[in-house]
Amino acid sequence: MEETIARILTELEEINQIPNTQNQTPLISRSTLLDLHSLLSTNDPDLVSQLFDDLPSKSLSPSSLTNLLSFTMDSAPSYSLLASKVYLSLLLSPNSPVFTLFTPISFLSFLRSLRRAFKNCPSAQPEESPPSHAPPNRKRKGGGRARGARGNVRGSGDCSEEASDTFDMKQVFKVFEMLVSVLGLIHLDRFPDSLKSLVQTFGEIPLMAMEKFGNPSSFNRLMDLCSRVLSEVLRSEHGELANTAAEVLKALSPLILMVKSQARSFALGFVTKRMTGLGNESDGVKKAVVNFPRYLAQKAPEKAEPRALAVDSIMEVVKVMDFEDQIGYMDYVLKMTQGKANLRLLGVDLIAMMLMSLRDPFGVDSDVKTKDYWGTKCLEALITRCSDLSAGIRARALSSLAQVVGFLSSDDRNKGILKDVMGLSEGGEERPQCGMNDLLKNRCMDDKAAVRKAALLLVTKLISLLDGCFDGILLKTVGMACSDPLVSIRKAAISALSEAFRTFSDESVTTEWLHSVPRLITDNESSIQEECENLFLELVLDRVSRAGPACAPKKGSVSPESYLTTKSLEGELELLFPGGILILLKGICDGEVTPWVKKLCTSLGKKKRLKPKIAAALQNIIKTSESIWLSHSMPIEKWTAPAGAWFLLSEVSVYLSKAVEWEFLHHHWQLLDKPGSKGKLQSPLLQGNANEDGEGVESNSVAWAGDRVFLLQTISNVSMELPAEPAADLAHNLLKRVEKFNMHSTEVNAHVKALRRLCKVKSLNPEEADQLVMRWGQQLLSKAHEILEKYISDDKEANNNNSFFTPPRSGSRKGKQAARASRLLSKTVTAVYTVGSLVVVCPAADVSSIVPLLYTVVTSGNSDPKLNKLPGPKVSLKQTAPSLYIQAWLTLGKICLADGKLAKSYIPLFVQELEKSDCAALRNNLVVMMADFCVRYTALVDCYIAKITKCLRDPCELVRRQTFILLSRLLQRDYVKWRGVLFLRFLLCLVDDSEKIRQLADFLFGNILKAKAPLLAYNSFIEAIYVLNDCHAHNGHNDSKNSRTESRLFSIRGNDERSRTKRMRIYVCLLKQMAPEHLLATFAKLCAEILAAASDGMLNIDDITGQSVLQDAFQILACKEIRVSSHRGAGSDSAEVEEDGDSSASAAAAKGRALTQAVRKGLIQNTIPIFIELKRLLENNNSPLTGSLMECLRVLLKDYKNEIDDMLVADKQLQKELIYDIQKYESAKARTTAAEAVAGMQNQGVYRSPPCVPKAATGAHPENKMNQKLSSDSKVASAIADAAAEATARSVLREVNKGAMTPPLKAINMPKLKSNQAGSSAKNDRSLDVLESLRRRIDDEN
């Protein structure tokens, strides 16, 4: 070893003689470092002492050795780790001068070498692989010492050696272990900077090691060593524990706030386990740990995913804190919810996690019961944030509240507290001071999609707390949300409403669900259609199928018939079928629900998802109802099945024909086929009980007829399964009944369809079936022809007789004739309707003999001389027999659908009748027929679409709604195109008097049209302004008389507030459909085609319609919907929910914003001159539109102040003019308002009794005092108005001069005009208005 010591000293002497300059640094060679390491590894005190004793002989000292090692650790990347190990070995060697060897500079060099080792190490190195460099104790040849000395002189910038030679995992572990030992010897309390650097380094090492280490076991060992180092630091010998712990936590916070990784797990584990344990022994460490969550809250990121990880990390720390410290942090979080937006958002997340992570938030397990437990305060703060100004915070608070409610309501002990805090009493009634139901209603109708979705999620979670009572208005709001434009909102609304229906069997919930969810079977989104099918199967069909066999009560067990009511019998039936089955069936047969139920049953049947037990359950319900009726000894002729049972059975029997028993059908057909209803049916409504609340039970004709109709449909559905002989008998009976023509029209269709299906059963092949149908069809047509011909001839004869009998005939004879005529008319109407039903099921039937008679009916009483030559009644049947007149049109339409040649001749007649008919029912039928013609004969009807659209302004709401729905369907199926006036006429539906039509129009324009024709709103916007105002100064308008009449019909003329509001609502709806680039283009088109046209004289502003157009343009330019914000775009709704997009999407968004800003700047700079020129024109004409222009200009100057800034800076004169004009306008406006207020005070003073004045009083009369007071009020009001106007004008252009305040008006150099006569005195000078001089100056410049 003596040779090794001598060799070490010799090389150290040579290195020490090399000057340390910028170009060269004295470094210890690898061989010398290896010799030093081997010497120090012996741990021989004598050898170490000999080394230190021999250093002075070479003009060296321990400090110089330390400096050389520092230089080596800093400047030799290839073996800096070896130099670090030698440095630590020196400190740990026995009898070494530790306080001489340890210096802050050398320790910092050591820490830098550690960082460099991890940065330069190869990624994912195999576990403990041997170093790739050559063996270190290689013998040197002669002359090696000199070469080594020269090699130790290295340029400071030469650090490009291979990094693979710098890292050995075993060396790293050894260095870390040695460092732990060194920290036990050296106290860093005297070196605070070294302590801070050490903590920071070991806070960075886990992250660097995670990127390089591919072996989990090696990483875990390294983290264990890091933990030992940091634990060693947390000793009192190294300084104040509170400060040291704070430094450690600060260094670990970036790891804790990063994404989930091994480094984050290490940092959290060290804080929650090691430091928490040390906190039990040291108050300083405990204080640092308690304050650490607050520090993390301040450093938490704002983006959604990183913020969620930060919340998880904070909660991991909070969980290990004492209860008192947790309460203290909870108070801090509550204060956060009242701070800035980012803190409020983080506070909402933390409150939700605390309520779900910490035990017993409401103190239900505590012995001490307090009303304001910490969980109650947190819940109230969360509810408050649900009404935050920021949409993101509102959405997050609502979704967090939904999670909390769902989590805490699982414990029944928490439900009562939740209801009390959220304002819901035991009965589900709302506490007025809280207003949770009002909150939910407002949030469900929020402008932001994310808020609406979160509110619906909260409604779903709150259902378990409502105890069977659901707020009616909130229920309607959720039902309306099922028609939201966004798919995600519709899904959330379906989920909420279905959860309520699943939980409660209340009639209101059932009705709302049936009116909101089944209609979504026609939704454009396939996933919603599937969800609708699944829910209908689960909540309707499965619930009905679970109705088990009910036992009929014994006879005589109830009260006699005289004491029974319908409600008592229904109540007894409900006891046998609980769960709201009867309410559900009754709701199904509602007229607005029936079409969707049919579509759902058809869809489920085609997918073979209908189960036979559904049909069995429905048959069981009908049988049970009949047995209960009979058990009370009630007449069977007055019995009707539960509402909706026969209807649902008729729909499912199409796909479950084998599940329906023929004996069941045969029994009820014999029962219902009897003439149980003697009275005339007044309505084709199918189900209902007319005398629910009356005493006794009376037969309901409508319900009886409806049961027969659905029974016939069921029989026709299962006819293929019927035996041949019963089917033939049934067909014969049906034909006999139809031939009598005495049924209601609802029954006629069912009989005809059932006849056709039964003919197929009787026939051996399809050809024979068609012949059989044709045979009885011709038989019916001939009898119908006879009846119709007889009625026409009798009517003609009666008219002729009436012309000769002037004196009145006897009353009895007249009454008999009237009764006979009435019976004949009823039979004729049924015969005509039967012809139409027959043509539908058998289009090949010969109706050549019927058509002339129908034509005679529809043209009776016509003033056309050509038609008067035809045989027929001279008096119109429209007045004498309106029902026959309407049915004749309906049947003629069905015939035209089957015969194209006939349709070509008769379609103009249908259009003519549609225009002139004064019967709403007939117009409604004609609109339906024209829609069918459009599908069948598109080319023939296309030229009449404009006339059909007139029905959108029909006085009858039903006709308008029917027209809107039918045309919308034709447009969606491309039978009709969005061209011509069709789109402009549809706009009026947005402001229709009917709320239902307005809702349909909103859905059409906001969903269907936006996806199908996204450019339509943009392309037609300017024309819509002219059309809605009935202004004919726009190109393309036809001034013909007919066109003018139609334009007035489809316009909202007038400049009153109501008309302007209606038009503005239409404009806003169209603007919402436009993309940002189209909004900018619309802004430009408004300025170019309306404002510029008005300033150029092309638009007559003296005309009332021209003024309305111009005023509408001002309002549109000033509205918020036309402004292009940075968040608006195709994905604006999805962006409202916080989600981090990828870098490409962010780049595209940034590029789009840059382009938008550039376009905005150019647009506004081209617009301001138009406004200035138009302002001059309006002021010269003293137009009332000047105020609207100034309001619009003021809004533009505020919204586009950044874009206007450059333009106004270049033109100071224009800036001064705009400031002056706006101030002048605002002053006049405020002065007018103040004058009105003073006038109001004056009017109040006129009717006020004069005060009592004492006789001894002296002074002015009370009236004089009042006048003085009013005069003073006027002056004050005028002064206030001037001040308000000046403040408003300054606020508009506050930042025009690059952030500088706008100069006061007196500082503006206003030009002075020369007097009319030179040399005249100043008092004879007449000063002109400032604006006039400014205008002249601009004119001279131009």
Side-chain angles (χ1 to χ4, degrees), residues 519 521-524 529 594-596 598-599 602-603 606 749 752-753 756 833 835-845 847 851 854 858 886-915 917 921-952 954 958-983 985-986 989 997 1000-1001 1003-1005 1007-1009 1011-1013 1016:
R519 66 175 59 247
I521 187 61
T522 59
D523 196 272
N524 294 331
Q529 295 179 14
T594 300
W596 318 118
K598 291 181 178 180
K599 289 182 178 294
T602 302
S603 179
K606 290 180 179 179
N749 280 327
V752 173
K753 291 180 181 178
R756 186 188 177 207
Y833 187 86
V835 172
S837 300
L838 182 61
V839 171
V840 172
V841 300
C842 184
V847 292
V851 171
L854 295 176
V858 299
I886 295 174
Q887 288 295 344
W889 279 107
L890 184 61
T891 302
L892 191 60
K894 294 177 181 178
I895 295 174
C896 289
L897 284 174
D899 190 345
K901 293 182 179 180
L902 203 62
K904 189 174 182 180
S905 303
Y906 279 85
I907 283 179
L909 194 63
F910 282 93
V911 176
Q912 180 183 353
E913 183 66 21
L914 180 63
E915 290 182 311
S917 176
L922 179 57
R923 294 198 303 272
N924 186 62
N925 287 333
L926 289 172
V927 168
V928 176
M929 283 187 280
M930 293 304 298
D932 292 337
F933 290 155
C934 188
V935 175
R936 186 68 63 86
Y937 314 111
T938 308
L940 293 177
V941 183
D942 187 64
C943 57
Y944 300 111
I945 292 297
K947 295 185 177 182
I948 298 175
T949 55
K950 287 184 180 180
C951 294
L952 292 172
D954 195 275
L958 176 62
V959 178
R960 296 199 305 274
R961 187 166 74 244
Q962 186 81 280
T963 306
F964 181 87
I965 294 173
L966 292 172
L967 287 178
S968 300
R969 291 178 180 175
L970 294 174
L971 288 164
Q972 292 180 64
R973 298 167 63 185
D974 288 331
Y975 286 107
V976 177
K977 302 296 182 182
W978 287 106
R979 60 190 178 195
V981 298
L982 185 59
F983 174 76
R985 293 186 175 184
F986 259 80
C989 298
I997 297 178
L1000 290 171
F1003 186 79
L1004 175 69
F1005 284 94
N1007 295 271
I1008 300 172
L1009 187 59
K1012 191 174 182 63
L1016 192 56

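Residues: numbered from 1 along the sequence shown.
Applying side chain to side chain contact (heavy atoms under 4.5 Å, CB included) to F933 and the options L897, L940, T938 leaves one that passes, L897. When each of L952, I997, N924 is checked for a side chain to side chain contact (heavy atoms under 4.5 Å, CB included) with R960, only I997 meets the rule.
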Self-check item: Intermediate values then yes/no, side chain to side chain contact (heavy atoms under 4.5 Å, CB included), M930 and I907
Solution: CA-CA 8 Å; M930 293 304 298; I907 283 179; 4.3 Å; yes
Practice problem: Would you please test V941 and I948 for side chain to side chain contact (heavy atoms under 4.5 Å, CB included) and show each step? | Solution: CA-CA 10 Å; V941 183; I948 298 175; 4.0 Å; yes
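Residues L1000 and C989 are not in side-chain contact: their nearest non-hydrogen atoms beyond the backbone lie 4.5 Å or more apart. By the 4.5 Å heavy-atom criterion applied to side chains, L971 and I1008 are not counted as neighbours. The shortest distance between side-chain heavy atoms of L914 and K947 does not fall below 4.5 Å. At least one side-chain heavy atom of V959 sits under 4.5 Å from a side-chain heavy atom of T963. Counting heavy atoms from C-beta on, the side chains of L854 and I895 come closer than 4.5 Å. Residues E913 and V858 have side chains not in contact (no heavy-atom distance under 4.5 Å, counting atoms from C-beta outward).
Using a distance-only test at 3.5 Å, with no hydrogens or angles considered, no donor-acceptor pair links the side chain of Y975 to the main chain of L967. No donor-acceptor pair under 3.5 Å is formed between the side chain of R923 and the backbone N or O of C951. Within the 3.5 Å criterion, the main-chain N or O of C896 finds a donor-acceptor partner in the side chain of Y937. Using modelled atom types, one side-chain atom of R985 and one backbone atom of A946 make a donor-acceptor pair closer than 3.5 Å.
Residues passing the side chain to side chain contact (heavy atoms under 4.5 Å, CB included) test with V840, sequence neighbours excluded: K894.
Atoms CD and CG, from Q962 and L958 in turn, are 6.0 Å apart once rounded to the nearest 0.5 Å. Separation of atoms CZ (R973) and SG (C934) is listed at 9.5 Å; rounding is to 0.5 Å. Between D932 atom CG and L966 atom CG the span is 8.0 Å, to the nearest 0.5 Å. Between D942 atom CG and K977 atom NZ the span is 10.0 Å, to the nearest 0.5 Å.
Counted within 6.0 Å of CZ on R961, heavy atoms from surrounding residues, nucleotides or ligands total more than 12; the atom is thus considered enclosed.
In this structure, F964 and F986 have tilted ring planes: the angle between them lies in the 30° to 60° band. The aromatic rings of F910 and W889 stand perpendicular to each other, their planes meeting at an angle above 60°, with 30° marking the opposite boundary.
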